[in-house]
Participant: 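Right, I'll just put the structure down here and ask away after.
Keep in mind it's a predicted model, so treat the numbers as computed, not measured.
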Amino acid sequence: MSSSLLEGLNPQQLEAVTLPRQSALILAGAGSGKTRVLTTRIAWLIHTGQVGPLSLLAVTFTNKAAREMLARISAMLPINTRGMWIGTFHGLCNRMLRAHYRDAGLPQSFQILDSADQLSMVKRVVKALGMDDEKYPPKQAQYFINANKEAGLRAAQVEATDDFSRRYNQVYAAYDAQCNREGVVDFAELLLRCYELLAKNEALRAHYQARFRHILVDEFQDTNRLQYLWLKLLAGPQGAVFAVGDDDQSIYAFRGARSGNMFDFERDFGVQKVIKLEQNYRSQGNILDAANALIRHNRARLGKNLWTAEGKGESLRLYEASTDVDEAAYILDEVRSLNSEGVRLSDIALLYRSNAQSRVLEHALFNAGISYRVYGGLRFFERQEIKHALAYLRLTANPEDDGAFLRVANFPARGIGGRTLEQLQASAEGAAVSLWRAACGNAPAGKAGTSLAAFVRLIEDLRAATRDLPLPEIVEHVIEASGLVAHYKGEKEGAERVENLEELVNAATAFAGEEGFAIYSADRTDGAPEAAAASNAPETGARRENVGRSDALNAFLSHAALEAGEHQAAAGADALQLMTVHSAKGLEFDTVFISGLEEGLFPHENSLTEDGGLEEERRLMYVAITRARRRLHLTHAQTRMLHGHTRYNVASRFLDEIPAALVRRVSASAALPALPPSAAGALPARAAASLRSYTAGGFRIGQSVTHPKFGAGVIVQAEGRGADARVQVNFRDAGLKWLALEYARLQAV
DNA sequence: CCTCATTGAGTTTTT
DNA sequence: CTCAATGAGG
């Protein structure tokens, strides 16, 4: 099997896989075999004896990508991947911090806050500072904190110039102080803390720099500043970083990703070799041509052109719907006929720019009885009942966790009201201690004090009773003894929640039994340096079966925070796939529908005011197009219901950027009766009825028009008659304008 | 403490 | 329009 490792690679892939030890940038276009190159290189490095499995580090953005990488490596090499440093940025940082918690200034059982936990902590801090949460929304403060952490800045280093940033920075400082008191870290903190650990601890830095002879990075275009700095520090001056990315698929600038890191990387790491992977193994020619033509309109590019050895394939299809409902009907018909031709539903994707668009589509599919699956719902570990159970578990691991305390102190209800908690918070703040300590110490007299004491006793009992239990039994005991299960059993719609709680026990069982364990546990088997070894728990070198209760529980809680689970429970076997373009990244389908291709929607109107926003939208469109293997349908609607109002949209400029020769315009599907060609005639009866309000000039609301100066647009409002008649036109490029019909030389399209 | 009503916001999202 | 979050009242 090993001799066949390199078989079937094209020359560029082969060169990338077998590159000598040096920093290199691999520009890997969509569908060019990026993951294959990455995993084959790892397998090749190990197989040829250039590096041991424990001396390389590979980092991804999602757990899914990390799992896939591990699975592919196991398939290529007969080695045990357990213990290898392959994971997400956050997962790897967590692992390092667990191993060196003392050097990092963290308690051994530090807990991880997810975004919701973080927001509630920020709210508490804003309140404690006596700030007006209307004027300074906690959400904004949270954004401020994360943006600065991701830029590598602590509150003391932030240059606050205006009043708002000064106030938010105050929140940042207080928030960090509170996190330290409670022994909790947010996602960005995992990275920043790990970065600082390596930056200030020379022995540790030297150890890891020497250890990780090869560092491989997936989706490099999505790295933020802090991740880049972390990589640089970890690699060191002698490091070899193999970065794989595609600047054309950078669609997360809005959350801090800097595709500019690719330029910096070439400079900072003295990159000698930039390899472009441009042969695409996924899509047929017409689809690739469309993608290439579109993305050529972007200026900020490293430059790359995809090609395929396959034929041109089918033309793209463009359908202009009258309404969003009509658009859904078209898609439905096409899906039906494809399905009857033998295309599996799960091989068809329905993509849209924003989640709100899925509603109409779902409605149509539901009524037609077509099974579908929507990505992007509540995830398992984010469910209320699961968060409650985790809060109890967290309190048994670390009672100083105020967030967990507040979440369950009165859930299930046990007579600890808002008033009691307020008093407790005040006394905790006064003494600069956690709520737990405040509750243990000077519990107020009376009924409130009794309830608090009972809660304290409950947590202590949970702790004592689970001390020597294996992980699944800890979880089982806690969901029962906390009263959660009983509470939900008593609720009329609580059956599903009880099931989820039981599922949590199963999750713990699965977790304890598999390798996920190693990823989140402190790393004890790979000889960290003195400074580090000293900070490890006494049982250095312990085997997995000896790992203590707190380790197993901490690992499981980390897992819960860092891997919130599938977006939705896997539905029936064969279902149509509905998702936003963002969540489609990395996936591929036989047939893809991109819906809502309208100005204002895609590109989204908010993006137009942002710096580089339009180019990011175009990259997003590029990602959408390149998901398709054989068939690509593009649809837009003249009229769409959004936020309770009808909007009249112009076709997306992206449609104009695709060469007409690649596209076949289709009118309503063959399954529907043929319609007259005129725009008004093509409207379904109910839509036409609602639009039949003609203005004096003979123009109609919803009609497409052109103006000699402003170009293409759609009439969205009309008023007045005769010489006073005015219409409001939504121009694709010029935006909304009121025009007097007497003067404006408007033309119907 | 729970329920009902009002209010407001409404791109994209992983960790 | 529709969902989530907050606040008043039983």
Participant: Could you check how far CZ of A/Phe61 sits from P of B/dT12, rounded to whole Å?
Facilitator: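 So the CZ-P distance, A/Phe61 to B/dT12, works out to 20 Å.
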
Participant: Does B/dT13 have OP1 or OP2 under 4.0 Å away from a side-chain N or O of A/Ser583?
Facilitator: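 Yes, because at least one side-chain N or O of A/Ser583 sits under 4.0 Å from OP1 or OP2 of B/dT13.
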
Participant: Under the rule for salt bridge (Lys or Arg N to Asp or Glu O under 4.0 Å), what residues qualify as partners of A/Asp324, not counting sequence neighbours?
Facilitator: none

Participant: Decide side chain to side chain contact (heavy atoms under 4.5 Å, CB included) for A/Tyr372 and A/Phe366; before the verdict, give the C-alpha distance in whole Å, the side-chain angles of both, and the deciding distance to 0.1 Å.
Facilitator: CA-CA 8 Å; A/Tyr372 62 92; A/Phe366 183 81; 4.2 Å; yes

Participant: For nucleotides 3-11 of chain B, just jot down a letter per nucleotide in 5' to 3' order: B, S or -, based on protein non-hydrogen atoms under 4.0 Å.
Facilitator: -------BB

Participant: How does protein contact run along nucleotides 3-10 of chain C, one letter per nucleotide 5' to 3', with B for base contact, S for sugar-phosphate only, - for none, heavy atoms under 4.0 Å?
Facilitator: S--S----

Participant: Atom CE of A/Met96 and atom P of B/dT15: how far apart are they, to the nearest Å?
Facilitator: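 The distance from CE of A/Met96 to P of B/dT15 comes to 19 Å, rounded to the nearest Å.
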
Participant: Within the pair A/Asn63 and B/dT14, is there a side-chain N or O less than 4.0 Å away from OP1 or OP2?
Facilitator: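 Indeed not, no polar side-chain atom of A/Asn63 lies that close.
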
Participant: Does the A/His604 side chain pair with the main chain of A/Leu601, one donor and one acceptor, at a distance under 3.5 Å?
Facilitator: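 Judged by distance alone, no pair lies under 3.5 Å.
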
Participant: Once you round it to whole Å, what is the distance between P of B/dT14 and CG of A/Asn146?
Facilitator: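 Nearest whole value for this atom pair: 15 Å.
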
Participant: Is there a side chain to side chain donor-acceptor pair (under 3.5 Å) between A/Asn261 and A/Thr223 once you walk through the steps?
Facilitator: CA-CA 7 Å; A/Asn261 281 346; A/Thr223 49; 3.0 Å; yes

Participant: Atom CD of A/Gln221 to atom P of B/dT14: distance rounded to whole Å?
Facilitator: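 Taking CD of A/Gln221 and P of B/dT14, I get 15 Å after rounding.
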
Participant: Roughly how far apart, to the nearest Å, are C/dC3 and B/dT14 at atom C1'?
Facilitator: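 So the two C1' atoms sit 23 Å from each other.
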
Participant: Rounding to a whole Å, what distance do you find between A/Gln357:CD and C/dC1:C1'?
Facilitator: 15 Å

Participant: Which whole-number value in Å describes the distance from A/Asp222 CG to B/dT15 P?
Facilitator: 12 Å

Participant: Taking only Lys NZ, Arg NE, NH1 and NH2, and the carboxylate oxygens of Asp or Glu, determine whether A/Arg653 and A/Glu657 approach each other closer than 4.0 Å.
Facilitator: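 A salt bridge is absent here (no side-chain N lies under 4.0 Å from a carboxylate O).
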
Participant: Contact class for A/Asn410 (heavy atom, under 4.0 Å): base, sugar-phosphate, or nothing?
Facilitator: sugar-phosphate

Participant: Salt bridge or not between A/Glu563 and A/Lys64? Use side-chain N to carboxylate O under 4.0 Å.
Facilitator: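 No, this pair does not count.
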
Participant: Counting any heavy atom closer than 4.0 Å, what does A/Tyr252 reach on the DNA or RNA strands: base, sugar-phosphate only, or nothing?
Facilitator: sugar-phosphate

Participant: For C/dA5 and B/dT12, measure between their C1' atoms and round to the nearest Å.
Facilitator: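 The answer is 23 Å between these two C1' atoms.
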
Participant: Which donor-acceptor pairs under 3.5 Å do the side chains of residues 133-145 of chain A make with protein atoms, sequence neighbours left out?
Facilitator:
{"unit_1": "A/Tyr136", "atom_1": "OH", "unit_2": "A/Asp163", "atom_2": "OD2", "d": "2.9"}
{"unit_1": "A/Gln142", "atom_1": "NE2", "unit_2": "A/Ser115", "atom_2": "O", "d": "3.0"}
{"unit_1": "A/Gln142", "atom_1": "NE2", "unit_2": "A/Gln118", "atom_2": "OE1", "d": "2.9"}

Participant: Would you kindly give the CZ-to-C1' distance between A/Phe381 and B/dT14, to the nearest whole Å?
Facilitator: 16 Å

Participant: Taking for each residue the nucleotide of DNA chain B with the nearest heavy atom, is it A/Glu616 or A/Thr62 whose nucleotide lies nearer the 5' end?
Facilitator: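 By nearest-heavy-atom nucleotide position, the 5'-most residue is A/Glu616.
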
Participant: Could you check, using the six-membered ring where one of them is a Trp, whether A/Phe455 and A/Phe405 have ring centers closer than 6.0 angstrom?
Facilitator: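 That pair passes the under 6.0 Å test.
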
Participant: Give a yes/no on whether any side-chain N or O of A/Thr580 is located under 4.0 angstrom from OP1 or OP2 of B/dT13.
Facilitator: yes

Participant: Using the salt bridge (Lys or Arg N to Asp or Glu O under 4.0 Å) criterion, which residues pair with A/Arg154? Sequence neighbours excluded.
Facilitator: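 A/Asp176, A/Glu189, A/Glu196.
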
Participant: Take the protein atom CG of A/Leu642 and the nucleotide atom C1' of B/dT12, then report the distance between them rounded to whole Å.
Facilitator: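 A/Leu642 atom CG is separated from B/dT12 atom C1' by 15 Å.
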
Participant: Among all residues two or more places apart in sequence or in another chain, which pass the salt bridge (Lys or Arg N to Asp or Glu O under 4.0 Å) test with A/Arg407?
Facilitator: none

